[in-house]
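The shown structure was predicted, so the numbers you read here are calculated from the model rather than taken from an experiment. Residue numbers begin at 1 in each chain, while the letters A, B, ... track the order of the sequences.
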Amino acid sequence: MPELPEVETIVRQLREYGVEGRTIRSVDVLWARTVEPLPVDRFRRELVGDTILRIDRVGKWVMLVLTSGRFLMIHLRMSGSFSTSPGSHDRLVLFLSGEMVLYYRDTRKFGRWKLVEDPSTVLDALGPDALTRDFNLRYFTAVMRGKHRRIKPLLLDQSVVAGLGNIYADEALWEAGIHPERWSDSLEDGELRTLCAAIRHVLRIGIRNRGTSLGKGRTNYRDLKGRSGGHRAEVNAYGRTGEPCKRCGVALERIIVGQRSTHFCPHCQKKT
DNA sequence: GAAGACCTGCTA
DNA sequence: TAGCAGGTCTTC
């Protein structure tokens, strides 16, 4: 569920809520496999007494920088979220100084909290974050031309660019007018330029709208205060199968590319 | 590459 | 009841 804009929204809210600077008084782990290293007792023992110096985001990872010099790396995967009040499907609870309590909620239990000495053990597997200067046209062109893969799965590959997920990949391709099954090394200079800009653009707009929420269920994206993201109304491609393209009016189609559901306009996004 | 695994809940 | 879901891993 959460892609870069949703994770960025959560990180900003955690900062605003005043999590930075708090000491971890206690940790409840309600679903053991959420944490690493195991066993749970060790994870808890290592964490208690440490202080959260800073909260950052890299790709879809939330990074808690601790004063001990260690790092708590959190990946929300499909349904992870934070809340300031308890609820069903809470998997971990952080009791912080000043009576603050943070609840980590994760219906599908895919999310992971990794306590590591060095963040590079996690981040080395990632390409540049999509919103940093390292993700630029020169880099993008080199990677696209250096591989012969369908463009859609390549955009989802976090070792190529960190932060895009299924929604924003479809949105970027729609905005750039590029068919999701195009080969990466077949894109013209102008198409690469447009797509590179579209990627950054759709992510920025997503952040501005505080993320995207689709369905209504418990697996749906919610921010720290339990609110849905506001980006839903501005989605152009994802989940709009059969609805008219906002550019040309032709009905959008859904296909499977790289085992992932993919939405596009057959008129605006030509295969050739 | 593809398929299965990890999980629960919603929708048709 | 079957199929689907915003993500990654592992194992063919």
Side-chain angles (χ1 to χ4, degrees), chain A residues 1-10 30-36 38 57-62 73-82 87-92 104-114 121-127 129-130 147-174 180-181 183-185 199 202-203 205-207 209-223 227-242 254-263:
Chain A
M1 162 210 59
E3 306 179 28
L4 188 153
E6 291 76 32
V7 178
E8 178 66 23
T9 302
I10 287 166
L30 308 173
W31 178 254
R33 297 185 64 175
T34 300
V35 305
E36 204 175 291
L38 285 168
R57 178 196 59 74
V58 181
K60 301 173 193 172
W61 286 90
V62 177
M73 310 296 293
I74 303 168
H75 200 299
L76 275 25
R77 294 284 180 92
M78 293 290 267
S79 59
S81 68
F82 284 91
S88 50
H89 310 289
D90 288 342
R91 307 303 182 196
L92 191 150
Y104 171 69
R105 196 160 298 160
D106 186 1
T107 305
R108 293 179 70 181
K109 302 177 175 172
F110 289 159
R112 293 292 177 263
W113 289 47
K114 298 185 181 208
T121 59
V122 167
L123 303 181
D124 279 357
L126 302 182
D129 182 282
K147 298 173 189 287
H148 181 67
R149 288 175 59 189
R150 306 277 185 191
I151 185 65
K152 166 80 187 271
L154 206 44
L155 294 184
L156 293 178
D157 186 337
Q158 302 297 297
S159 72
V160 167
V161 51
L164 283 175
N166 213 25
I167 295 178
Y168 294 93
D170 280 3
E171 291 305 303
L173 288 168
W174 180 89
E181 289 180 309
W183 295 105
S184 59
D185 54 357
I199 288 168
V202 297
L203 293 173
I205 299 294
I207 291 171
N209 291 319
R210 300 177 359 270
T212 306
S213 299
L214 298 170
K216 294 168 186 157
R218 297 174 186 284
T219 54
N220 198 27
Y221 166 73
R222 289 298 148 96
D223 68 11
R227 291 184 305 180
S228 297
H231 192 58
R232 183 184 194 170
E234 298 195 35
V235 164
N236 293 309
Y238 189 89
R240 297 194 64 241
T241 312
R254 175 182 178 273
I255 56 175
I256 302 297
V257 184
Q259 289 95 247
R260 303 299 299 279
S261 170
T262 298
H263 314 74

I want to check one thing: is the phosphate of dG6(C), taken as OP1 and OP2, less than 4.0 Å away from some side-chain N or O of Lys60(A)? no
By nearest-heavy-atom nucleotide on DNA chain C, the more 5' of Ala125(A) and Glu6(A) is Glu6(A)
Distance between the P atoms of dG4(B) and dC4(C), in whole angstroms? 13 Å
Is Asn220(A) side chain donor-acceptor paired with the dG6(C) base, going by distance under 3.5 Å alone? yes
dG3(C) and dA3(B), which share atom name P, separated by this distance in whole Å: 15 Å
If a protein heavy atom is under 4.0 Å from the base, mark B; if only from the sugar-phosphate, S; if neither, -; do that for nucleotides 2-7 of chain B going 5' to 3'. BB--BB
What's the spacing between Asp90(A) CG and Thr107(A) OG1 if we round to 0.5 Å? 9.5 Å
When you compare the side chains of Thr219(A) and Arg108(A), does any donor N or O come within less than 3.5 Å of an acceptor on the partner? no
Name the closest nucleotide to the Ile167(A) side chain, picking from dG6(C), dG9(B), dT8(C). dG6(C)
Row check, Trp183(A) ring normal vs Arg149(A) NZ/CZ: under 6.0 Å, within 45°: no
Could you say whether Thr219(A) or His148(A) is positioned toward the 5' end of DNA chain B, judged by the nucleotide with the nearest heavy atom to each? His148(A)
Counting just side-chain N and O atoms, does Tyr238(A) come under 4.0 Å of either OP1 or OP2 of dG6(C)? yes
Provide, to the nearest angstrom, the distance between the CD1 atom belonging to Ile151(A) and the P atom belonging to dG1(B). 14 Å
Do any side-chain nitrogens or oxygens of His75(A) fall under 4.0 Å of OP1 or OP2 in dT8(C)? yes
Side chains of Ser79(A) and Asp106(A): donor-acceptor distance under 3.5 Å anywhere? yes
Would you measure the distance from the P atom in dG9(B) across to the matching atom in dT8(C) and give it in whole Å? 22 Å
